[in-house]
Protein chains: 2
Amino acid sequence: MRVLVATCAVDYSGRLSAHLPLATRVIMVKADGSVLVHSDGGSYKPLNWMSPPCTVRVTPPSVEQAADGVREVWTVSAAKSEDQLVIALHEVLHDVSHDLGVDPGLVKDGVEAHLQKLLAEQVQLLGAGHTLVRREFPTAIGPVDLMVRTPGGASVEAGVPVRHVAVEIKRRATIDAVEQLTRYLELLNRDPLLAPVRGVLAAQSIAPQARTLAVDRGIACLVLDYDAMRGVDDPDSRLF
Amino acid sequence: MRVLVATCAVDYSGRLSAHLPLATRVIMVKADGSVLVHSDGGSYKPLNWMSPPCTVRVTPPSVEQAADGVREVWTVSAAKSEDQLVIALHEVLHDVSHDLGVDPGLVKDGVEAHLQKLLAEQVQLLGAGHTLVRREFPTAIGPVDLMVRTPGGASVEAGVPVRHVAVEIKRRATIDAVEQLTRYLELLNRDPLLAPVRGVLAAQSIAPQARTLAVDRGIACLVLDYDAMRGVDDPDSRLF
DNA sequence: AAGTTCAGATCGTCC
DNA sequence: GGACGATGTGAACTT
């Protein structure tokens with residue numbers, strides 16, 4: 001890892017074109033050759049960058065560039081595309097290098113997979129008497145997050161008692177989640193062993209447009225309270 | 001801006017929980033107080049971070065932590081949420097600070113807005129005689145990128161001449177874009193003043209599955225050549 | 001290798 | 001101020 005603080009101008013060309021005027025910035029060069037250009041604000045996203053695999057070629061400035069104060073020109077080229085980042089280095093204020101070694105990696109907790117596991121253990125949140133058929137219920141167009149069986153005659157749709165519920169789980173549900181669940185339901189309801197299958201969209205938050213579309217398509221919405229669900233960790237409470 | 005190279009362990013708690021074991025990393029502290037923790041690989045995204053507005057509080061280690069080699073504990077707290085980042089600093093290998101000033105900012109070219117503007121000026125790419133009704137044509141479920149009027153009797157659908165074309169513009173069109181345009185068309189075709197409305201998916205690149213679905217739904221696909229469209233800046237050439 | 005899905009997204013814009 | 005769409009998304013996993 002090499003970190004520089006330097007005045008520089010940057011040009012990116014590739015999927016789009018982007019230009020950074022001359023200013024003082026932080027440049028990080030990682031061990032894999034990837035480059036990040038950060039300003040002193042904004043977000044965690046660099047102003048410009050090049051993803052690995054890529055290579056850095058350092059060249060002296062042209063006579064004209066040298067007259068403008070350019071000391072070095074870095075050309076960062078992507079290995080598998082035409083993407084290119086050109087950094088015109090002017091004054092270098094700091095320049096440190098260090099071998100960091102391989103990072104042991106990030107351990108996460110609380111993502112969608114946990115929501116799915118918790119709801120699978122607490123299917124009664126979908127209604128008393130519901131039982132889990134299985135998580136990641138396979139279909140031809142991909143797995144349904146949860147397939148649940150309702151108690152006998154729990155509800156009736158078009159004169160036929162609904163016996164199965166397909167659940168799509170999201171941290172934040174948008175209109176895309178409704179489309180996804182709709183595709184699953186269309187397919188599942190062609191299976192006479194399952195049909196009619198009702199749909200439930202379960203999420204920590206549901207966008208208003210998603211809720212509107214879901215209701216319009218007869219899909220129920222269930223807002224999940226992650227903290228409350230995590231609090232219910234008594235194994236006895238899972239069995240009803 | 002302050003940049004450190006240091007061995008550290010990091011814990012994040014907030015929307016989820018994440019833990020970073022002890023290792024050597026780069027820590028950036030920006031002028032607005034935001035913090036980024038980078039490893040020597042991965043992408044431009046930090047392993048952990050805290051977005052502004054936030055505050056950093058530095059405290060001495062507990063006796064137990066000190067025995068483990070912790071020199072300082074940084075507690076980074078978000079101003080408007082419970083999110084918290086705790087950095088246990090062990091050995092500090094580099095520590096540099098510099099005032100970068102305000103960045104003049106990034107200038108972008110070639111994003112979807114440019115494509116929309118160019119196609120609005122070159123609607124003849126949709127067919128000779130087509131004229132622009134308006135960009136961002138409003139509907140109840142959001143604006144259609146372009147609404148275009150065809151020349152009289154340009155084509156016939158179900159015995160009725162098509163007079164309007166709704167255009168969805170993307171840099172890269174995926175199946176989502178087809179779904180989006182389908183929702184617009186369903187709505188627009190309920191309006192007797194507009195119906196029948198044909199759909200066109202215009203993009204620099206169109207995913208094979210998106211093209212298949214579009215064709216299946218009677219939506220035309222148009223691949224846009226950004227460089228060529230940008231080259232057409234002669235007003236005379238627009239009128240054919 | 002290509003497609004699908006998730007992620008602590010951030011950012012601008014428009015209502 | 002909330003909602004919604006775009007972004008040079010990246011990374012893991014499946015097919």
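Every chain is numbered from 1, with letters handed out A, B, ... down the list of sequences.
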Trainee: Kindly write out the residues that satisfy salt bridge (Lys or Arg N to Asp or Glu O under 4.0 Å) with A/Glu186, not counting sequence neighbours, or none if the list is empty.
Mentor: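 Testing A/Glu186 for salt bridge (Lys or Arg N to Asp or Glu O under 4.0 Å), a comparison that skips the adjacent residues, returns A/Arg190.
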Trainee: Applying side-chain hydrogen bond (donor to acceptor under 3.5 Å, both in side chains), name anything that partners B/Tyr226, two or more places apart in sequence or on another chain.
Mentor: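 Residues passing side-chain hydrogen bond (donor to acceptor under 3.5 Å, both in side chains) with B/Tyr226: B/Asp109.
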Trainee: With sequence neighbours excluded, give me every side-chain hydrogen bond (donor to acceptor under 3.5 Å, both in side chains) pair touching residues 12-26 of chain A.
Mentor: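 Passing the test, one end in residues 12-26 of chain A: A/Asp11-A/His19, A/Tyr12-A/Asp83, A/Arg15-A/Asp83, A/Arg25-B/Asp103.
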Trainee: Which residues pass the ring pair (Phe, Tyr, Trp, His ring centres under 6.0 Å) test with A/Trp74, not counting sequence neighbours?
Mentor: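 A/Trp74: no ring pair (Phe, Tyr, Trp, His ring centres under 6.0 Å) contacts found.
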Trainee: Check whether B/Asp32 reaches the backbone of A/Gly41 with its side chain - one donor and one acceptor, N or O, closer than 3.5 Å.
Mentor: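 Not at all, since once roles are kept as given, no pair shorter than 3.5 Å links the two residues.
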Trainee: On DNA chain C, which is the earliest and which the latest nucleotide, 5' to 3', with an atom closer than 4.0 Å to a heavy atom of chain A?
Mentor: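 It runs C/dT5 to C/dC11.
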Trainee: Using a 3.5 Å cut-off and no angle test, enumerate the donor-acceptor pairs between side-chain atoms of residues 205-220 of chain B and protein atoms at least two apart in sequence or in another chain.
Mentor:
| residue | atom | partner | partner atom | Å |
| --- | --- | --- | --- | --- |
| B/Thr212 | OG1 | B/Pro208 | O | 3.0 |
| B/Arg217 | NH1 | B/Glu179 | OE1 | 3.1 |
| B/Arg217 | NH1 | B/Thr182 | OG1 | 2.9 |

Trainee: Please compare A/Leu106 and B/Gln209 by the position of their nearest nucleotide in DNA chain C and report the one closer to 5'.
Mentor: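 Taking each residue's closest nucleotide, the earlier one in sequence belongs to B/Gln209.
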Trainee: If a protein heavy atom is under 4.0 Å from the base, mark B; if only from the sugar-phosphate, S; if neither, -; do that for nucleotides 6-15 of chain D going 5' to 3'.
Mentor: SSBSSS----
Trainee: Can you list, pair by pair, the side-chain donor-acceptor contacts under 3.5 Å of residues 43-50 of chain A, counting residues two or more places apart and other chains?
Mentor:
| residue | atom | partner | partner atom | Å |
| --- | --- | --- | --- | --- |
| A/Ser43 | OG | A/Lys45 | N | 3.1 |
| A/Trp49 | NE1 | A/Ser51 | OG | 3.4 |

Trainee: Base, sugar-phosphate alone, or nothing: which one does B/Pro143 contact when heavy atoms must sit under 4.0 Å apart?
Mentor: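 Nothing, no heavy atom under 4.0 Å.
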Trainee: Measuring only the C1' atom in each nucleotide, how far is D/dG5 from D/dT9? A whole number of Å is fine.
Mentor: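 14 Å, rounded to whole Å.
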Trainee: Please measure how far the P atom in D/dG8 lies from the corresponding atom in D/dC4, and state the result in whole Å.
Mentor: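 Those two atoms are separated by 22 Å.
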Trainee: Not counting sequence neighbours, which residues clear side-chain contact (heavy atoms from CB on, under 4.5 Å) with B/Ala6? List them please.
Mentor: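 B/Ala6: side-chain contact (heavy atoms from CB on, under 4.5 Å) contacts with B/Leu89, B/Val92.
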Trainee: If the C1' atom of D/dT7 is compared with that of C/dA7, how far apart are they to the nearest Å?
Mentor: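 After rounding to an integer number of Å, I get 14 Å for this pair.
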Trainee: For B/Ile141 and D/dG5, what is the distance between atoms CD1 and C1' respectively, to the nearest whole Å?
Mentor: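 Rounded to the whole Å, the gap is 13 Å.
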